[in-house]
Amino acid sequence: MKKTLIITTLLCLSASWAKAEQVVIETKNVSLVLDVEKGAQPKYVYFGARLSSTELQHLQAPEVFGRTEVYPAYGLNTPAEAALAMRHADGNLSTALVVEDVQRSGDITTIQMKDPVYPITVNLKYKAYQEEDMIEAWTEIANGEKQTVTLTTFASAMLPIRRGDVWLSHFYGSWANEARLVEEPLTPGQKVIVNKDGTRNSHTDHAEVMFSLDGKGQENSGQVIGAALCYSGNYRLKVTTDDTEYHYFFAGINEDNSEYHLKKGETFVTPKLALTFSQQGLSGVSRNFHKWGRKYMLAHGDKERKILLNSWEGVYFDINQQGMDQMMKDIASMGGELFVMDDGWFGDKYPRKTDNSSLGDWVVDKNKLPEGIEGLLRDAKKNGVKFGIWIEPEMANTTSELYEQHPEWIVKAPKREAVLGRGGTQVVLDLANPKVQDFVFGVVDNLMSKYPEIDYIKWDANMAIMNHGSQYLDMANQSHLYIEYHRGFEKVFQRIRAKYPDVTIQACASGGGRANWGVLPYFDEFWVSDNTDALQRIYMQWGTSYFFPAIAMASHISATPNHTVFRTTALKYRIDVAMSGRLGMEIQPKNMTDAEKELCRKAIAEYKQIRPIVQFGNIYRLLSPYEKKGLASMMYVTDQQDKAVFYWWKTESFQNEHLPRVKMAGLDANRMYKVKELNRIDVKPLSFEGKSFSGAYLMNHGLDVPYRNETEWHLKNDWSSRVLLLEAE
């Protein structure tokens with residue numbers, strides 16, 4: 001690697017370079033180098049492309065101005081940003097951390113640090129994933145003092161990044177507009193990305209970022225660092241750019257109103273920060289995260305996902321036995337494999353007819369479903385599909401039997417009335433309370449033990465923590481609410497997965513509120529957004545794909561006008577967008593024409609052919625919709641480079657338009673690939689249908705795709721898209 005490239009990520013050494021131990025944490029293609037000396041603060045040296053033993057031996061200490069302590073503590077250099085700050089038992093606000101030992105066990109490296117004055121121990125932990133080029137970093141803070149200490153800042157890790165032309169890619173949004181991409185240069189000052197929702201954490205911002213080290217990020221070239229905080233709760237990502245030569249990136253739990261009282265003998269473990277580096281651009285970082293995620297993080301990441309029909313947009317709360325049976329029959333006739341009954345099936349004293357009652361009362365509404373879950377499972381078996389069900393176990397309505405029996409179980413500020421959410425009655429159950437944990441686990445346990453044939457659970461969470469208060473925690477520890485809520489959440493899911501390891505569980509949280517690597521070890525997928533409009537989904541799924549693989553992204557064909565934005569798009573367009581994720585349907589089939597059902601039947605059959613490529617393949621984003629060139633394009637390629645699926649979606653339509661020819665990526669330059677169009681609606685085949693092209697030609701030149709779908713005159717519309725299957729000969 002050129003010396004100029006190495007220097008972009010070189011980090012400053014201490015003056016005691018010659019006496020220090022060089023601690024190297026490395027994967028197949030990435031090296032993290034630390035300067036560690038006993039009795040001194042550990043320093044970052046390098047994070048980037050893997051260095052050879054010779055390069056490591058002669059690694060030069062760059063002589064630039066900056067602070068590169070691995071985990072800076074507050075109090076003895078107060079102008080600098082700190083990763084750790086605490087109030088000691090005697091009131092002292094200063095902490096110093098120096099190295100005591102370095103230990104290695106398998107793929108985990110531990111740097112043990114202590115305060116020379118106070119019995120505080122901090123262990124920096126690093127875990128390397130060789131083939132996936134991922135390094136996880138986290139911190140364990142132990143209190144050896146005689147009394148409680150108070151943690152006021154407790155980041156998982158800090159990474160200094162050499163200043164230059166560094167750009168940040170991150171994601172903003174809202175309900176029905178999640179994961180919108182932002183790309184901006186890092187400038188002096190602070191860039192802070194926070195979440196304060198309390199229950200969900202990826203609607204308004206994401207806990208994942210990329211740093212492009214050599215200018216605005218390119219998809220398939222350039223040096224890029226990727227970072228993802230693996231946490232389900234409130235977080236803070238912060239980049240500080242001061243008068244030194246570095247940008248300082250901190251990531252961890254959001255400490256706002258969450259100071260933590262660490263008892264004598266207690267150890268606080270921070271969430272893991274996953275870090276990777278690629279010289280193959282933004283998509284290169286994405287491929288690393290996808291491989292690591294599927295293999296180590298995502299529940300059942302090695303198993304193909306079923307094609308399903310979800311009832312929500314088809315019938316909303318209008319659940320009944322006959323209607324569910326008909327929807328099962330319809331999805332089965334189109335080749336689907338699973339039917340999921342959404343909200344509206346439960347409640348006895350308070351039947352669930354709208355969103356203002358019944359949460360917490362997880363019993364079947366016999367007026368809607370006189371034969372109960374048993375009848376639904378029987379009908380699913382009759383129709384040849386699996387059955388799934390919607391629940392929202394973390395929540396209750398004040399109009400419910402649960403609330404009448406246990407008003408003390410809800411999150412509520414002391415001495416104040418509860419703040420109510422959806423429907424004017426929704427409240428959040430306090431998962432800090434072990435009794436609430438038992439109840440929430442019991443919702444799943446009761447269903448699965450009584451109906452083990454249930455194949456899929458859609459787990460929703462439609463409310464934030466709006467009022468700060470726990471009726472379980474004592475008044476001195478009210479600041480623990482956010483942290484203890486997610487500890488309780490994790491305990492519940494550990495129990496669920498221990499007893500029901502095979503059930504598929506979707507993380508739905510008012511749409512994409514739980515797209516994070518903190519929850520996905522317990523979930524198989526997440527609902528990208530409640531907005532199923534195909535055009536807006538292109539933008540949202542594009543941003544989501546930066547860190548999450550297609551197998552985890554539930555993407556459904558819905559009706560038009562769309563229920564969120566009321567846009568009318570062509571059915572083929574909706575299909576072609578949905579087929580770039582985990583394909584499903586969110587529609588009432590009985591309202592579809594025979595021709596529409598036939599098109600969906602054909603699409604489902606063809607998706608089954610490409611499902612392994614899409615769900616396990618390597619992503620290459622080609623042309624971003626955010627570039628505003630009237631087009632978006634991406635592809636998935638198998639590890640063997642023998643098959644690929646290419647997506648091409650127009651994002652607007654004009655007369656006399658001029659669109660760029662899209663060059664493909666990730667193919668074997670020396671192999672020939674035969675092209676087949678999927679979901680074809682054109683009267684005539686494309687000019688390149690059935691023809692073969694070299695990988696080199698497709699990557700250096702690309703195919704000229706017609707701007708419009710040439711259908712029969714009465715079927716023409718202003719939406720055009722293509723899906724191409726490439727197979728090596």
Side-chain angles (χ1 to χ4, degrees), residues 36-42 67 69-103 110-125 137-158 231 233-236 238 250-273 413-414 430 432-434 468-488 490-491:
V36 180
E37 180 183 359
K38 188 170 183 178
Q41 295 183 355
R67 300 178 300 273
E69 295 89 350
V70 173
Y71 198 71
Y74 177 80
L76 300 178
N77 184 8
T78 54
E81 291 293 324
L84 176 69
M86 69 176 67
R87 184 167 60 251
H88 294 275
D90 63 3
N92 194 336
L93 293 178
S94 68
T95 300
L97 297 175
V98 298
V99 174
E100 188 173 37
D101 194 13
V102 177
Q103 296 182 347
T110 302
I111 299 175
Q112 297 179 339
M113 302 190 298
K114 66 176 183 179
D115 189 310
V117 176
Y118 291 90
I120 296 294
T121 302
V122 175
N123 287 343
L124 306 178
K125 311 283 284 192
W138 71 100
T139 304
E140 298 175 353
I141 307 161
N143 177 21
E145 297 190 27
K146 294 180 180 180
Q147 293 179 304
T148 297
V149 302
T150 299
L151 303 180
T152 56
T153 300
F154 33 93
S156 295
M158 188 277 283
Y231 188 55
N234 292 359
Y235 59 81
R236 181 189 301 273
K238 178 171 61 179
F250 296 82
I253 293 174
N254 185 351
E255 63 271 22
D256 286 353
N257 300 302
S258 291
E259 68 174 25
Y260 191 85
H261 306 131
L262 191 66
K263 296 177 182 177
K264 175 184 177 181
E266 183 182 0
T267 298
F268 185 92
V269 181
T270 71
K272 294 178 179 179
L273 177 68
D430 184 1
N433 187 336
H468 192 127
S470 170
Q471 299 183 82
Y472 170 75
L473 298 172
D474 60 41
M475 292 301 289
N477 289 307
Q478 289 293 299
S479 62
H480 290 199
L481 171 63
Y482 294 125
I483 293 171
E484 292 297 346
Y485 184 95
H486 288 277
R487 285 177 172 174
E490 188 166 29
K491 288 176 183 177

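Position 1 is the first residue of the sequence; numbering continues from there.
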message = Which heavy atom of S258 sits nearest to which heavy atom of Y482, and what is that distance?
response = OG-CD1, 3.4 Å

task = Taking side-chain hydrogen bond (donor to acceptor under 3.5 Å, both in side chains) as the test, write out the residues that go with N123, two or more places apart.
result = none

task = Report yes or no: does Q41 contribute a side-chain atom to a donor-acceptor pair with the main-chain N or O of V70 at less than 3.5 Å?
result = no

remark   = Value for CZ (F268) from OH (Y260), rounded to nearest 0.5 Å, stands at 6.5 Å

query = If every non-hydrogen atom of F250 is compared with every non-hydrogen atom of A83, which pair is closest and at what distance?
reply = CE2-N, 3.6 Å

request  = Carefully, step by step, assess E255 and F154 under the rule side chain to side chain contact (heavy atoms under 4.5 Å, CB included).
outcome  = CA-CA 7 Å; E255 63 271 22; F154 33 93; 4.2 Å; yes

inquiry  = Treating Y71 as the side-chain partner and P42 as the backbone partner, does any N or O pair qualify as donor plus acceptor under 3.5 Å?
reply    = no

key: Heavy-atom closest contact (A96 atom, L76 atom, distance)   = CB-CD1, 3.7 Å

query = With E81, which residues qualify under salt bridge (Lys or Arg N to Asp or Glu O under 4.0 Å), at least two apart?
reply = K238

ask   = Is the shortest heavy-atom distance from the side chain of H261 to the side chain of S479 under 4.5 Å?
value = yes

message = If you compare all heavy atoms of P414 against all heavy atoms of Q478, which two are closest, and at what distance to 0.1 Å?
response = CG-OE1, 4.0 Å

note = Interatomic distance, CD1@I253 vs CD1@I483, rounded to 0.5 Å, equals 4.5 Å

Which pairs would a plain distance check flag for residues 139-146, meaning a side-chain donor or acceptor within less than 3.5 Å of a matching protein atom at least two apart in sequence or in another chain?
unit_1	atom_1	unit_2	atom_2	d
T139	OG1	S156	O	2.9
N143	OD1	E145	N	2.8
N143	ND2	Q147	O	3.1
N143	ND2	L262	O	2.9
N143	ND2	K263	O	3.2
E145	OE1	A89	N	3.1
E145	OE2	H88	ND1	2.6

task = Kindly give the heavy-atom pair with the smallest separation between A432 and E484, and that separation in Å.
result = CB-CB, 3.7 Å

ask   = Rounded to the nearest 0.5 Å, what separation is found between the NZ atom of K114 and the CD1 atom of I120?
value = 13.0 Å

request  = Would you check if T152 and Y74 make a side-chain contact, meaning some heavy-atom pair closer than 4.5 Å?
outcome  = no

note = d(N254 CG, T153 OG1) to nearest 0.5 Å is 10.0 Å

query = Can T95 and D115 be said to form a side chain to side chain donor-acceptor pair (under 3.5 Å), step by step?
reply = CA-CA 7 Å; T95 300; D115 189 310; 4.5 Å; no

request  = State plainly whether the residues E490 and R487 are in salt-bridge range, i.e. N to O under 4.0 Å.
outcome  = no

message = Restricting to non-hydrogen atoms, name the atom on G469 and the atom on L481 that form the minimum distance, rounded to 0.1 Å.
response = N-CD2, 3.5 Å

message = Could you measure the distance from the CH2 atom of W138 to the CG atom of L124? Nearest 0.5 Å is fine.
response = 11.0 Å

task = Please test D101 against T110 for side chain to side chain contact (heavy atoms under 4.5 Å, CB included), starting from the C-alpha separation and ending with a verdict.
result = CA-CA 8 Å; D101 194 13; T110 302; over 6 Å; no

message = What's the separation between atom CZ in R87 and atom OG in S94, rounded to the nearest 0.5 Å?
response = 13.5 Å

